[in-house]
Protein chains: 2
Amino acid sequence: MTGNESARRHTRDDVAETALRILDDYGLPDLTMRRLAAALDVQASALYWHFPNKQTLLAELADRIVGRAAVPAAGAGADWPDRVRGEAAALRDALLAYRDGAEVVASTAALGLGGAPAQQRLEAAVRSGGFDDETAARAATALLHFVLGHVSHEQQRMQFDSIGVLATGEAADPLDETDSAAAFAFGVDLLVGGLHRLRDASAPAAADRPEEISRSRT
Amino acid sequence: MTGNESARRHTRDDVAETALRILDDYGLPDLTMRRLAAALDVQASALYWHFPNKQTLLAELADRIVGRAAVPAAGAGADWPDRVRGEAAALRDALLAYRDGAEVVASTAALGLGGAPAQQRLEAAVRSGGFDDETAARAATALLHFVLGHVSHEQQRMQFDSIGVLATGEAADPLDETDSAAAFAFGVDLLVGGLHRLRDASAPAAADRPEEISRSRT
DNA sequence: ACCTGAACACCGTTCAAGT
DNA sequence: ACCTGAACACCGTTCAAGT
């Protein structure tokens with residue numbers, strides 16, 4: 001026995017979980033409807049009873065991937081910058097947990113299909129700093145774009161390192177996880193710093209109670 | 001006569017420019033090797049004399065798209081934040097100039113193939129603020145990820161609006177260019193603000209000469 | 001409710017051979 | 001130097017029909 005192709009008749013959940021396994025084991029380019037069907041011991045056409053098309057399947061995978069993101073144990077004493085950092089880090093970890101996870105989420109988030117919960121969590125974290133809704137929404141999308149772009153890049157390099165393909169000639173850096181994490185934290189800190197600065201600008205003195213803070217210029 | 005399928009025998013440049021035209025007219029999913037060959041009045045296999053594979057073709061397109069980005073007329077009196085904002089805006093315009101431009105650049109930038117010049121221009125702008133090389137490099141990648149993510153999203157919505165596909169039910173906002181531009185500027189300002197704050201932190205008083213500024217924590 | 005079988009309309013890429 | 005022709009090994013999706 002090679003997998004979970006046990007007793008015929010599958011559920012939507014089976015299909016999604018098997019797809020996640022293929023994704024993680026072989027990567028997004030190898031996640032085809034025909035390969036997925038074969039893993040389920042079924043004809044490709046059978047998949048269309050569970051999902052109307054591949055796009056919808058991928059959106060479901062995106063939801064599951066970000067849905068597995070840990071809720072940062074913020075404790076009681078977490079201020080808003082740490083909440084934002086915590087959500088960003090949890091999201092990064094969730095994306096890294098599946099091969100090509102960032103690309104799956106990015107491709108469906110762009111369509112407004114998946115990744116919505118991810119943005120909402122980031123948004124809530126920003127709003128806890130007392131920023132108005134539009135500022136929080138925009139900051140959250142900026143954060144999300146950075147996170148998805150960074151982790152996509154990170155995962156692409158992982159594949160290249162394992163395949164041994166070097167594009168730029170040179171012996172391109174072998175992708176140190178410590179470096180990646182530091183570069184990630186730097187980007188998040190830049191955005192958080194920008195928010196901090198927004199707050200300071202709108203409340204020059206006594207700038208420490210989390211009230212409503214207006215956006216810069218409209 | 002329908003296009004540029006004139007007198008046989010094409011150059012690499014022909015192929016790339018025709019590909020750009022198909023990209024702009026029909027979008028990335030319709031830019032197939034076979035379609036491109038047909039537009040050139042040639043067999044698909046002929047394209048492989050000019051480019052080793054589709055990936056390389058796309059990298060070439062990415063280079064041409066970002067290569068067409070205007071050099072912001074910064075004048076003499078431009079400070080570093082305006083230089084950064086100017087480069088980011090020029091890059092956005094360049095991506096918007098071709099349908100699916102952001103996705104093309106993003107897909108190849110992730111592979112370390114295309115988009116390198118874009119990053120370098122952003123990096124130079126940041127460095128003009130007196131930041132050290134690693135800070136400038138990291139800030140530039142953060143900016144690039146945001147720009148690519150934002151414009152990809154923007155262009156995806158453009159397609160959906162024109163096709164009339166609404167994912168989230170609701171009558172999803174019809175993508176106001178003014179709003180998009182404002183959200184873009186907000187994101188860039190957040191990153192620029194973060195850099196500003198980095199500088200202020202390392203030079204608490206008399207913080208206005210552009211010297212070397214060290215990165216926060218390593 | 002869940003799947004088969006067969007088909008439709010495609011893909012990217014390779015390679016011997018032509019001019 | 002640049003291209004043809006034919007093939008290889010695939011794709012996603014539809015649809016009548018089966019159980």
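Residue numbers start from 1 in every chain, and the chains themselves are labelled A, B, ... in the order their sequence lines are given, proteins ahead of strands.
With B:Q155 contributing its side chain and B:G101 its backbone, the two residues share a donor-acceptor pair below 3.5 Å.
Taking atom C1' on both C:dC2 and D:dA17, the two are 13 Å apart, rounded to the nearest angstrom. With both ends at atom P, the span from D:dA9 to C:dA9 equals 23 Å, rounded to whole Å.
A centroid separation of less than 6.0 Å is found between the aromatic rings of B:W80 and B:H196.
As a whole-Å value, the separation of A:R9 CZ from D:dT19 P is 11 Å. Residue B:R12 contributes atom CZ, which lies 15 Å from atom P of D:dA1 at whole-angstrom precision. Atom CG of A:L47 is separated from atom C1' of C:dC2 by 12 Å (rounded to the nearest Å). Following rounding to the nearest Å, A:W49 (CH2) and C:dT4 (P) show an atom-to-atom distance of 14 Å. Per the geometry, CG belonging to A:L40 stands 15 Å off C1' belonging to C:dT4, to the nearest Å.
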- Message: Within the 4.0 Å limit for protein heavy atoms, which parts of nucleotides 5-15 of chain C are touched? Write it as a string from 5' to 3', B for base, S for sugar-phosphate only, - for none.
- Response: B-B---BBBBB
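Contact check of residues 99-108 of chain A against DNA chain D (heavy atom, cut-off under 4.0 Å) returns no residues at all.
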- Message: Apply salt bridge (charged side-chain N to carboxylate O under 4.0 Å, His left out) to residues A:R68 and A:E17 and explain how you reach the verdict.
- Response: CA-CA 13 Å; A:R68 276 145 167 72; A:E17 287 303 320; 3.1 Å; yes
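Base pairing in DNA chain D yields stems of at least 3 consecutive Watson-Crick or G-U pairs, both distances under 3.5 Å, namely C:4-8 with D:12-16, C:12-16 with D:4-8.
OP1 or OP2 of D:dC3 has at least one side-chain nitrogen or oxygen of B:H50 nearer than 4.0 Å.
Because its NZ or CZ atom is not both nearer than 6.0 Å to the ring centre of B:Y26 and within 45° of the ring axis, B:R99 does not count as a cation-pi partner of that residue.
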